[in-house]
> 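I am attaching a structure below and will ask some questions about it afterwards.
Only heavy atoms go into these numbers, but all of them, side chains included; no hydrogens, no water, no symmetry mates. Proteins come first, then strands; the chains are lettered A, B, ... in the order of their sequence lines, and each starts at number 1.
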Protein chains: 2
Amino acid sequence: MGFYENDEDAFLPLRDVVFKQLREEILYGKLKPGERLMEIALSERLGVSRTPVREGIRLLEKEGLVVMLPRRGAHVASITAKQLEDVLEARRTLETFAVNACCARITHARFEELNEANRKFAEAVDTRDLRQMADTDTAFHNIIIDTAGNEKVKELLVSLKEQIFRYKYEFMKEMDDPTRLVREHDQIVKAIGESRSDKAVELLRMHIDSQAIAIYRKIK
Amino acid sequence: MGFYENDEDAFLPLRDVVFKQLREEILYGKLKPGERLMEIALSERLGVSRTPVREGIRLLEKEGLVVMLPRRGAHVASITAKQLEDVLEARRTLETFAVNACCARITHARFEELNEANRKFAEAVDTRDLRQMADTDTAFHNIIIDTAGNEKVKELLVSLKEQIFRYKYEFMKEMDDPTRLVREHDQIVKAIGESRSDKAVELLRMHIDSQAIAIYRKIK
DNA sequence: TAGTGCGCCATTGTATACAAATAAAAAGAC
DNA sequence: GTCTTTTTATTTGTATACAATGGCGCACTA
């Protein structure tokens, strides 16, 4: 391992380094919702000046991970039950669109990727490694979204999912039977493979909604 | 008229003043797609330092109105045919969701607002004032979106529409019969009034698609 | 003791100076 | 004459200094 934790960051503008670092800390719970992000403290901790910290925070705001109040600084975005509902509804709307488009465009190779991705997710579920589970689940859904072929929808979904990732992560901790998610994925894959787009849409809707309900219960 | 062009800007952070000013110039065509935004030139023109200019540009990036390349500065976002398609598809997906939700939640008062908004749009069409037409059309659609009651969907739609506003604006210039839009709005209002959500969704889809095709023809 | 006003301190907002990098122009080699 | 190399100028990236604001505590008053 080199001097830098992540070699590819070596030539990135500092604002992006700050962004990635803080993003990581927010998504995986090191920085908690509501926590205040103070520029001077962060610039000292990260070893850069205030300027790239400010700009990194602006990038986080763009992703919806922090909220800024003029003269009152930046806070890690927390979420109300209503906001969570809204985000999940938006996600469901866009992701059902995506799975429908995916059915129309999927190739054999992509279909195999999808199967493989769910196999990896199943593996992660077996190990009960939370981070691994979250990442492989995201990867699975991303293949569907990529296959849909709409870059803007993809961009919006990435942002929406990040905004609730932290809560989903917390929720997965306490899930009794995560293998159910694997089975749900399998059903979706099957429907896509059979080009039954209506069924795939309905299964995905249920898949998202069941998670929505669980997360919602946690936050309420 | 006071010293400031817009009094409410007087106490706003400069980054927001810069943001609003440049946003206006981009949306209404003073700054053209692809044009480069250079920090020093802008800071001189707007009479502020580079810092708020940089931050204002970051806000424009968040709205998708400019794109930034590291070390190569910011450009007014231009759009390829594919990107336009993607944005319009995303908009259609979210706005048909919105009109469906709107049907379920609309009150009598809101319904009257909707009628009134389309009356104002019809007025603007009569005068052929392009800016007025664009603004009242936006207002009409926004009532539907507001009534749907999903803040996140609203936020996403505002952003998506801004990204194509400029092209829509150009397209309206050359439209032979803009009164057709008024009639389409009327049909949508009627369907909402009769709580026929399926019909409203279908009409809105067609309304958006017909514009999409026209804009698409212009850009291709 | 409760309430109000004043002043200090921490923090964000803005300006500016300097460093680094890119692109364009000029010089040189073949 | 064209291609390569070097130089130079312009522009963005980063650091830092200073200004302005808002919150908080303390003192003063009723």
> Are any of B/Ser49's side-chain N or O atoms less than 4.0 Å away from OP1 or OP2 of C/dA15?
yes
> Measure the distance from CZ on B/Arg72 to C1' on D/dT12 and round it to the nearest whole Å.
12 Å
> Once rounded to the nearest 0.5 Å, what's the spacing between atom CD of A/Glu39 and atom OG of A/Ser49?
10.5 Å
> Can you check whether any acceptor in the base of C/dG13 is under 3.5 Å from a donor in the side chain of A/Arg50, or vice versa?
yes
> Over how many whole Å does the gap from B/Glu44 atom CD to C/dT14 atom P extend?
18 Å
> Any chance you could lay out the salt bridge (Lys or Arg N to Asp or Glu O under 4.0 Å) test for A/Asp137 and A/Lys168, step after step, and finish with the verdict?
CA-CA 11 Å; A/Asp137 179 55; A/Lys168 180 174 162 187; 2.5 Å; yes
> Could you state the atom-to-atom distance from CG of A/Leu12 to P of D/dT12 in whole Å?
18 Å
> Map A/Gly47 and B/Ile40 onto DNA chain D by nearest heavy atom, then report which one ends up closer to the 5' terminus.
B/Ile40
> Can you pull the side-chain hydrogen bond (donor to acceptor under 3.5 Å, both in side chains) pairs that have at least one residue in residues 71-80 of chain B, sequence neighbours excluded?
B/Thr80-B/Gln83
> Just to be sure I understand the rule, does B/Arg15 reach a base, reach only the sugar-phosphate, or reach nothing, if contact means heavy atoms closer than 4.0 Å?
sugar-phosphate
> Side chain of A/Arg71, base of C/dT12: donor and acceptor closer than 3.5 Å?
yes
> Check every atom of C/dG13, D/dA15, D/dT14 against the side chain of A/Arg58 and return the nucleotide holding the closest atom.
C/dG13
> Looking for any heavy atom pair under 4.0 Å, which part of the strands does B/Leu37 touch: base, sugar-phosphate only, or nothing?
sugar-phosphate
> Answer with yes or no after comparing the ring centroid distance for B/Phe165 and B/Tyr169 against a 6.0 Å cut-off, counting only values under it.
yes
> Report the distance from atom CE of B/Met38 to atom P of D/dT12, rounded to the nearest whole Å.
7 Å
> B/Glu55 near the nucleic acid: base, sugar-phosphate alone, or nothing, with a heavy-atom cut-off under 4.0 Å?
nothing
> Taking five pairs at each end of the helix from C/dT1-D/dA30 to C/dC30-D/dG1, what angle separates the two helix axes (nearest 10°)?
0°
> Given atom CG of A/Asp16 and atom P of D/dT12, what is their separation to the nearest angstrom?
16 Å
> Grab the CG-C1' distance between A/Leu69 and D/dT21 for me, whole Å please.
14 Å
> In terms of side-chain heavy atoms of A/Pro13, which of D/dT11, C/dT12, D/dT14 is nearest?
D/dT14
> Assess whether a salt bridge exists between A/Glu55 and B/Arg54, defined as any Lys/Arg side-chain N lying under 4.0 Å from an Asp/Glu carboxylate O.
yes
> Around A/Lys161, counting heavy atoms of other residues, nucleotides and ligands shown, do more than 12 lie under 6.0 Å from its NZ?
yes
> May I have the distance from B/Phe19 (atom CZ) to C/dG13 (atom C1'), rounded to whole angstrom?
18 Å
> What is the distance, to the nearest angstrom, from the CZ atom on B/Arg36 to the P atom on D/dT10?
13 Å
> With side chain to side chain contact (heavy atoms under 4.5 Å, CB included) as the criterion, how do B/Ile57 and B/Leu37 come out once you've worked through the C-alpha distance, each side chain's angles and the decisive distance to 0.1 Å?
CA-CA 8 Å; B/Ile57 288 174; B/Leu37 296 173; 4.3 Å; yes
